[in-house]
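Below: one structure, written as structure tokens.
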Amino acid sequence: MSDYKDFAQRIKIACDNQPRLPANKEGQETWLSSRLGISHEAVRRWFSGESMPRRRLMADLASLLKVDERWLASGYSGQTFVQDKSKRA
């Protein structure tokens, strides 16, 4: 169960660091559910620490949030956020 709570913290961090996402939690949940094509309830459970996405959905979520999939899934600290190469000058 602790893994779910830890994941909830990481998804919140990832969302808070994405300027294109709504600032409030409910807006973030709605934005993610619509982009991933899943229920709002499923995303709500991630944010509340009740569940985690399965592997394929985890990869899609990490890509959408521009974070390292290993970090998002397990907290692996090798690389937290993926650099967006298009933003380099």
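In what follows, every heavy atom counts, from backbone to side chain, and hydrogens, waters and symmetry copies are set aside.
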Exercise. Using a distance-only test with no angle check, is there a side-chain donor-acceptor pair under 3.5 angstrom linking E50 and S48?
Worked result: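 Yes - a donor-acceptor pair under 3.5 Å links their side chains.
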Rounded to the nearest 0.5 Å, how far does [atom2] of [Y] lie from [atom1] of [X]?
X: E29; Y: L21; atom1: CD; atom2: CG; result: 11.5 Å
X: K5; Y: M52; atom1: NZ; atom2: CE; result: 13.5 Å
X: D3; Y: S51; atom1: CG; atom2: OG; result: 12.5 Å
X: I38; Y: L57; atom1: CD1; atom2: CG; result: 5.0 Å

Would you mind reporting whether [Y] and [X] have side-chain heavy atoms less than 4.5 Å apart?
X: H40; Y: R45; result: no
X: W31; Y: V43; result: no
X: R10; Y: W46; result: no
X: L65; Y: L32; result: yes
X: Q28; Y: D16; result: yes

Closest non-hydrogen atom pair, [X] against [Y]:
X: P22; Y: G27; value: CG-O, 3.4 Å
X: S33; Y: T30; value: OG-O, 3.0 Å
X: N17; Y: I13; value: ND2-O, 2.7 Å
X: D68; Y: Y76; value: OD2-CD2, 4.5 Å

Exercise. Side chain of S63, backbone of D60: donor and acceptor closer than 3.5 Å?
Worked result: no
For this session: Take F7 and S74 through the side chain to side chain contact (heavy atoms under 4.5 Å, CB included) test and state the conclusion after the steps.
Result: CA-CA 7 Å; F7 173 75; S74 66; over 6 Å; no
